[in-house]
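Taking it in order: structure first as structure tokens, then the write-up.
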Amino acid sequence: MSDLTRNAVDVLPEGRLAEQLEGDKPLRVKLGIDPTTADIHLGHTVVLEKLAEFQRAGHQVVLIVGDFTAQVGDPSGRSATRPVPTPEEIEANAATYQEQAFKILDREKTEVRRNSEWLRMEPEALLGLLAQTTVARLLERDDFQKRMAAAQPIAALELLYPLLQGYDSVAVEADLELGGTDQKFNLLFGRDVQGAYGQKPQSVMTMPILVGTDGVQKMSKSLGNYVGVTDPPEEMFGKLMSIPDEAMAEYYRLLLGSEQPEGPPNEAKRELGRRIVARFHGEGAGAAAEEHFNRVFVQRGVPDEIPSWDIDPYAGSEREIILLPKLIGSGFELSSSEARRLIQQGGVKLDGETVASDTLEIPRGELAGKVLQVGKRRFLSLFDSAA
RNA sequence: GGGGGAGUGUCCGAGUGGUUAAAGGAGAUGCGCUGUAAACGCAUUGGCUCUGCCUACGCAGGUUCGAAUCCUGCCUCCCCCA
């Protein structure tokens with residue numbers, strides 16, 4: 001029992017979960033995720049891991065893919081109305097979400113539901129749902145209070161969100177719902193909705209929000225400070241090494257369920273990276289990713305697998321000269337101007353040799369077979385398809 | 001329905017007829033330092049066939065030698081009143 005509440009911020013109402021767990025029948029534990037972006041990141045996994053704990057303890061996990069609520073937009077933690085994804089995006093995301101969630105949950109034991117099943121309801125039924133609450137009640141939430149104070153808009157649609165999420169709980173008869181701390185209002189609101197439909201209100205448990213790799217803002221894809229669970233091992237390790245030291249203890253606690261080990265921060269961070277990579281890519285992947293990291297970033301070497309790039313299309317009119325900014329621009333998805341600046345700033349290397357700042361053209365014979373490097377971490381292996 | 005206000009570069013945000021590719025900040029990127037941490041320093045940050053050219057301040061026109069700055073219409077958004 002004590003294990004199941006580890007790391008939780010709120011477990012409400014007080015004492016209720018303990019009572020529920022004393023019963024002998026497994027609880028129906030609900031988690032809803034709206035497929036608004038394509039990938040699950042480590043921030044999501046904090047709650048998913050908690051869900052998995054319940055699953056291992058023999059409870060029935062219900063994963064709700066919010067394909068309907070994604071069209072509404074969860075106002076949680078938002079200072080502005082969320083852009084709504086298209087149905088196609090939602091559909092695509094829903095598929096990858098489930099796949100990724102099963103890196104953590106046991107597929108066989110998980111009940112997966114889409115909330116469009118029950119939320120695509122008759123207008124009368126929707127009115128019945130709306131009749132269960134008041135505007136004042138819906139506006140209570142902190143997000144809205146802040147927005148109103150700042151004279152920021154609140155979409156009418158957003159107002160409906162808690163009702164819909166609450167109805168999910170009714171539909172699956174949840175005994176307990178998990179979520180991030182930013183979900184507290186929605187989770188608690190679900191209790192009211194269940195009550196209105198004659199069900200016993202669920203317990204709610206909130207988990208901390210993981211800070212992103214910048215160490216400041218919450219981990220989020222749109223902020224670009226996330227580590228995706230499907231990131232390649234090297235990238236995952238690299239991103240984890242780049243988190244601020246201050247964020248490390250939290251990563252240990254929330255992602256690995258342990259304390260940060262004593263010793264030099266650098267060592268602790270490497271261990272963090274190894275363990276997390278190993279979790280998502282299998283034993284051995286962690287150590288391999290670290291080796292890659294050592295070679296490329298510590299020893300400033302070259303990774304063993306780098307994409308190759310054909311220099312032929314960038315030859316000048318005489319076909320003996322390569323226009324370097326063009327080549328770099330295309331190869332690394334930069335504009336020629338950006339590439340030009342990088343050269344000027346000494347950020348471009350060929351086989352480890354910094355390219356002189358005034359170099360704009362290079363004889364093509366001097367390029368094939370060499371490694372072109374931009375900045376510290378971007379590489380291309382050049383070849384000449386016309387040679 | 002009435003009244004008021006706003007739309008500027010990745011974001012925030014100056015600028016209200018003339019060195020304005022557009023202040024300042026953030027972010028990002030490069031170099032240095034380094035543990036791909038933090039902190040710090042320097043630099044860059046529209047595009048291109050680059051001593052020049054093109055595009056740019058919601059959209060479309062107009063006034064002017066000259067406009068992001070003035071006028072007209074349109075679009076979008078916000079606030080207040082009802």
Side-chain angles (χ1 to χ4, degrees), chain A residues 79-83 144 147-158 211-217 220-227 231-252 260-261 263-274 276-277 289-303 313-318 321-350 352-361 372-379:
Chain A
S79 56
T81 303
R82 181 192 291 261
F144 288 161
R147 279 205 236 169
M148 287 196 286
Q152 294 291 310
I154 297 169
L157 211 50
E158 294 181 271
V211 72
T213 53
D214 59 2
V216 180
Q217 294 181 278
S220 131
K221 177 145 189 175
S222 55
L223 293 173
N225 61 357
Y226 74 106
V227 181
D231 282 351
E234 298 80 16
E235 197 177 326
M236 194 179 265
F237 191 88
K239 283 182 180 176
L240 288 166
M241 287 303 285
S242 76
I243 66 171
D245 289 359
E246 296 70 48
M248 212 186 334
E250 190 183 333
Y251 273 55
Y252 262 98
Q260 177 182 337
N266 187 30
E267 239 336 288
K269 204 180 282 178
R270 283 165 174 277
E271 187 184 326
L272 176 79
R274 280 194 302 270
I276 292 177
V277 170
E290 184 176 18
E291 265 176 55
H292 172 275
F293 173 83
N294 284 337
R295 184 166 55 252
V296 177
F297 300 110
V298 178
Q299 294 157 29
R300 294 290 165 84
V302 176
Y314 310 101
S317 53
E318 294 168 37
I321 289 175
I322 300 295
L323 304 169
L324 201 50
K326 273 283 184 198
L327 175 66
I328 294 169
S330 312
F332 297 103
E333 295 183 312
L334 303 168
S335 70
S336 300
S337 298
E338 284 178 303
R340 198 180 294 267
R341 280 181 222 121
L342 283 167
I343 296 170
Q344 281 167 0
Q345 295 183 111
V348 176
K349 289 181 182 172
L350 262 181
E353 298 281 319
T354 301
V355 172
S357 61
D358 58 352
T359 308
L360 295 180
E361 306 177 330
L372 178 65
Q373 178 182 0
V374 166
K376 288 191 176 78
R377 57 189 97 165
R378 285 174 286 179
F379 301 88

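FYI, side chains are in, hydrogens and waters are out, and symmetry mates aren't considered; it's all heavy atoms of this structure. Sequence lines set the chain letters: A, B, ... in the order given, protein chains first and strands last, and positions in each chain run from 1.
- Nucleotides B:U55 and B:G3 place their C1' atoms 39 Å apart, quoted to the nearest Å.
- With values rounded to the nearest 0.5 angstrom, A:Asp231 atom CG is found 12.0 Å from A:Ile276 atom CD1.
- The side chain of A:Asp245 has B:G35 as its nearest neighbour among B:U49, B:G35, B:U36.
- In this structure, CE of A:Met241 is placed 16 Å from P of B:U34, rounded to the nearest angstrom.
- With hydrogens and angles ignored, the 3.5 Å screen pairs a side-chain donor or acceptor of A:Tyr252 with a backbone N or O of A:Ala268.
- The side chain of A:Arg378 places an N or O atom within less than 4.0 Å of a non-bridging phosphate oxygen (OP1 or OP2) of B:G30.
- Taking atom P in both B:A82 and B:G27, one finds a spacing of 44 Å when rounded to whole Å.
- In this structure, the side chain of A:Gln344 does not engage the main chain of A:Gly346 through any donor-acceptor pair within 3.5 Å.
- Using atom P as the reference point in both B:G7 and B:C11, the two lie 14 Å apart (nearest Å).
- Scanning all heavy atoms of the two residues, the minimum distance from A:Arg274 to A:Phe237 falls at N-CE1, 3.5 Å.
- For the P atoms, the distance linking B:U69 with B:G9 amounts to 14 Å, nearest Å.
- Distance alone, capped at 3.5 Å, places no donor-acceptor pair between the A:Asp245 side chain and the A:Pro265 backbone.
- For RNA chain B, each stem of at least three Watson-Crick or G-U pairs (distances under 3.5 Å) is given as range with range: B:1-7 with B:75-81, B:10-12 with B:24-26, B:27-32 with B:40-45, B:46-48 with B:52-54, B:58-62 with B:70-74.
- Between the C1' atom of B:A28 and the CZ atom of A:Phe332 lies a distance of 18 Å, rounded to the nearest Å.
- As judged by a 4.0 angstrom heavy-atom cut-off over every strand, A:Gly238 is placed among the base-contacting residues.
- Nucleotide B:U36 holds its P atom 7 Å from the CG atom of A:Asn266, rounded to whole Å.
- Listed candidates were B:C31, B:G30, B:U36. Nearest to the side chain of A:Phe297 is B:U36.
- Going from atom CZ of A:Arg377 over to atom P of B:A28 covers 11 Å, rounded to whole Å.
- In this structure, A:Glu235 CD and A:Leu240 CG are separated by 10.5 Å, a value rounded to the nearest 0.5 Å.
- In terms of modelled atom types and a separation under 3.5 Å, the side chain of A:Tyr251 and the main chain of A:Lys269 share no donor-acceptor contact.
- Nucleic acid contact class of A:Ile243 (heavy atoms, under 4.0 Å, all strands): sugar-phosphate only.
- Toward the 5' end of RNA chain B, the nearer of the two residues A:Pro244 and A:Gly347, judged by each one's closest nucleotide, is A:Gly347.
- Using a cutoff of 4.0 Å between basic side-chain nitrogens and carboxylate oxygens, A:Lys349 and A:Glu353 are not scored as salt-bridged.
- On the P atoms, B:A14 is 15 Å away from B:G58, given to the nearest whole Å.
- The side chain of A:Arg340 contributes an N or O atom lying less than 4.0 Å from OP1 or OP2 of B:U49.
- Checked by atom type and distance alone, the side chain of A:Glu250 never pairs as donor or acceptor with a backbone atom of A:Ala247 at under 3.5 Å.
- Summarising the geometry, the separation between CG on A:Leu324 and C1' on B:U49 is reported as 16 Å, rounded to the nearest angstrom.
- Whole-Å rounding puts the A:Glu271 CD to B:G35 C1' distance at 16 Å.
- With distances taken from any side-chain atom of A:Gln345 to the nucleotides B:A43, B:U29, B:U36, the minimum falls on B:A43.
- Remark: the backbone N or O of A:Leu327 is not paired with any side-chain donor or acceptor of A:Ser330 at under 3.5 angstrom.
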Between protein and nucleic acid, restricted to nucleotides 45-48 of chain B and to nitrogen or oxygen atoms under 3.5 Å apart, what atom pairs and distances do you find?
from: B:G47; atom 1: OP1; to: A:Ser335; atom 2: OG; distance (Å): 2.7
from: B:G47; atom 1: OP2; to: A:Arg341; atom 2: NH2; distance (Å): 2.6
from: B:C48; atom 1: OP1; to: A:Ser336; atom 2: N; distance (Å): 2.9
from: B:C48; atom 1: OP1; to: A:Ser336; atom 2: OG; distance (Å): 3.3
from: B:C48; atom 1: OP2; to: A:Ser336; atom 2: N; distance (Å): 3.2
from: B:C48; atom 1: OP2; to: A:Ser337; atom 2: N; distance (Å): 2.6
from: B:C48; atom 1: OP2; to: A:Ser337; atom 2: OG; distance (Å): 2.6

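- For the pair A:Phe237 CZ and B:G35 P, the computed distance is 15 Å after rounding to whole Å.
- Atoms CZ (A:Phe293) and C1' (B:U36) sit 6 Å apart, rounded to a whole Å.
- Of the inter-residue distances, the one linking A:Glu234 atom CD with A:Glu290 atom CD reads 12.5 Å to the nearest 0.5 angstrom.
- The side chain of A:Pro265 lies closest to B:G35, out of B:A37, B:G35, B:C33.
- Nucleotides B:U76 and B:U8 place their C1' atoms 16 Å apart, quoted to the nearest Å.
- With C1' as the reference atom, B:A68 and B:A22 are 8 Å apart, rounded to whole Å.
- Taking atom C1' in both B:G73 and B:A23, the straight-line distance is 32 Å, to the nearest Å.
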